[in-house]
Amino acid sequence: MTSPNAEYILTVSCPDTVGIVFAVAGFLAGRHCNIIESAQFGDRLSGLFFMRVHFSATEGAPGHAELERDFAEHVAGPFRMEWKLHDAQRRQRVLILVSKFGHCLNDLLYRYQAGGLPIEIPAIVSNHRDFYQLAAWHNIPFHYLPVTPETKAQQERRLLEIAEEERVDLVVLARYMQVLSPELCGRLAGRAINIHHSFLPSFKGAKPYHQAHTRGVKLIGATAHYVTSNLDEGPIIEQEAERVDHTATPDDLVAIGRDIENVVLARAVKSHIEHRVLLNGSKTVVFR
Ligand SMILES: Nc1nc2c(c(=O)[nH]1)N[C@@H](CN(C=O)c1ccc(C(=O)N[C@@H](CCC(=O)O)C(=O)O)cc1)CN2
């Protein structure tokens, strides 16, 4: 039997057909599970169906493992589902990567310390020493991994070691300015989020604000996306933009952009740890 009031989040994607919601709801009702929040979306273009259900296990409900076994047999199998049953009360372990710009790191650390982001941060990794003291202030281990073309492969192996030793669920690139190798992207597929300092697909690369200033745009923004081996091309999770005008210098754009980046990254991390983001090919479905 399950511990009373255990809560779970079920995420599902499968070929769209009649009766999916009925089958999932019936499965839960038949096992003393009470739906707290449910959302679904049928993508007519991909023919796929996506669903997220947050539910509590009431008196008499089976435990996590039994729920998984039964769901696989009675629902997921017949509907050919990709699915996961997450413990809604477990804090995800997040490894933060940073380079020379610390505003996103600082913002995430503040939200975590203030209780606004229910995660654990077992470590911070950087290719520069700039934020060693900030990490120390938060009592978080800081790993300095300088990257050169010669050391890149070895440092990426060390990064993966840290992620495994710390049982990391999510890697956040909080203005980490090194391009991850395809091998590392493969190992972190679906669990590495980057904040790009432009409104993608505009201005990819390392210096988007200068590109934006040169182009004379009237809107600037930021994009949080999953990291793939195709630079700045990963599935987008969250975006925001703000109006600017001809008086804005590149430095003004950088300053305006900092605040947008902080908000966009925090929203994306929160949606991910709440299992609200489902991959739909090269795109995402985000159940807000
Ligand atoms: N495989 C991926 N790695 C990374 C991605 C990604 O989408 N896929 N995003 C970047 C972040 N980023 C833009 O958001 C970015 C970072 C760095 C560069 C870049 O050209 N870096 C140079 C070195 C720059 C330096 O040392 O300051 C390089 O790596 O040669 C472009 C875009 C994070 N990684």
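Indexing begins at 1, ligand by ligand and atom by atom, following the structure's order.
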Indicate whether atom 26 (O) of ligand 1 is within a distance of less than 4.0 angstrom of some protein heavy atom.
yes
When the aromatic ring centroids of H54 and Y8 are compared, is their separation below 6.0 Å?
no
Go through it in stages, so that I can follow the logic: the residues are E156 and S181, the test is side-chain hydrogen bond (donor to acceptor under 3.5 Å, both in side chains), and I'd like the CA-CA distance, side-chain angles, deciding distance and then a yes or no.
CA-CA 8 Å; E156 287 200 344; S181 68; 2.5 Å; yes
Is there a side-chain contact between V172 and L97 (heavy atoms, below 4.5 Å)?
no
From H225, K100, M177 - option closest to atom 17 (C) of ligand 1 by heavy atom
M177
Contacts of S198 that satisfy side chain to side chain donor-acceptor pair (under 3.5 Å) - sequence neighbours left out
H196
Side-chain (N262) to main-chain (D107) donor-acceptor, under 3.5 angstrom:
no
Identity and separation of the nearest protein heavy atom to atom 14 (O) of ligand 1:
H196 ND1, 2.6 Å
Closest non-hydrogen protein atom to atom 20 (O) of ligand 1, residue and atom name please, with distance?
A206 CB, 3.9 Å
Within the structure provided, determine whether V53 and M51 are in side-chain contact (heavy-atom separation under 4.5 Å).
yes
Closest to atom 8 (N) of ligand 1 by heavy-atom distance, out of T228, V179, T148, is T228
For Y176, the ligand 1 atoms with a heavy-atom partner under 4.0 Å come out as 11 (C), 33 (C)
Aromatic ring proximity H272/Y226, centre distance under 6.0 Å:
yes
Ring centres under 6.0 angstrom apart (F27, F71)
yes
Is there side-chain contact between L67 and R31, with at least one heavy-atom pair below 4.5 Å?
yes
For atom 3 (N) of ligand 1, the closest protein heavy atom turns out to be L180 N, 2.9 Å
Of all the atoms in ligand 1, which lie at a distance below 4.0 Å from a heavy atom belonging to C185?
1 (N)
With atoms numbered from 1 as shown, which atoms in ligand 1 lie under 4.0 angstrom from a non-hydrogen atom of D232?
6 (C), 7 (O), 9 (N), 12 (N), 13 (C), 14 (O)
Starting from atom 34 (N) of ligand 1, what is the nearest protein heavy atom, named by residue and atom, and what distance separates them?
Q178 O, 2.8 Å
Within 4.0 Å of some non-hydrogen atom of L173, the atoms of ligand 1 are 33 (C), 34 (N)
Who's the nearest protein heavy-atom neighbour of atom 9 (N) of ligand 1, and how far?
N194 ND2, 3.4 Å
Would you mind checking which non-hydrogen protein atom is closest to atom 5 (C) of ligand 1, with the distance to 0.1 Å?
L231 CD1, 3.5 Å
